[in-house]
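Encoded as structure tokens, the structure appears first; notes follow it.
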Amino acid sequence: MKVIGAYLLLVLGGNTTPTAEDIKELLGSVGAEADDARIQLLLSQVKDKDITELIASGREKLAAVPSGGGAPMAVAASGGGASAPAAAEAKKEEKVEDKEESDEEMGFSLFDDE
């Protein structure tokens with residue numbers, strides 16, 4: 001990921017075709033080690049391609065990836081019986097915590113003028 005980040009920073013900085021040496025120099029300037037194999041893999045995959053087009057096609061692919069939302073459907077399919085007791089326990093625990101942290105139980109208030 002750091003190799004891709006370095007490549008994108010170099011492109012953003014105006015270097016439209018960063019070399020392996022450019023990437024190594026940038027990573028070295030922040031104390032990160034550069035893996036030659038990963039650099040060569042990245043450079044071979046982006047060779048002769050416009051970075052803005054690559055990012056745009058990546059966004060389209062990410063839009064098709066499901067993210068979240070799977071758990072409620074599974075609960076609904078199973079009837080949701082197991083989630084109700086868990087929710088009730090969570091509410092009980094919250095009430096106990098609020099009572100423990102009350103200033104009244106300690107016998108003073110932080111905002112008294114005494």
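Values reported hereafter were calculated over all heavy atoms of this structure, with side chains retained and with hydrogens, waters and symmetry mates removed. We count residues from 1, following the sequence as given.
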Hydrophobic cluster membership, I55 vs L10, 4.5 Å side-chain cutoff: yes
Nearest-0.5 Å distance, NZ of residue K2 to CG of residue D35: 8.0 Å
E33 versus L27, closest heavy-atom pair with distance: O-CD1, 4.4 Å
Euclidean distance, T19 OG1 relative to K24 NZ, rounded to 0.5 Å: 9.0 Å
Distance-minimising heavy-atom pair for A6 and L26: O-CD2, 3.4 Å
I23: which of L9, I39, D36 passes side chain to side chain contact (heavy atoms under 4.5 Å, CB included): I39
Side chains of V3 and L41 in contact at under 4.5 Å (non-hydrogen atoms): no
Close side-chain approach of Y7 and L43, heavy atoms under 4.5 Å: yes
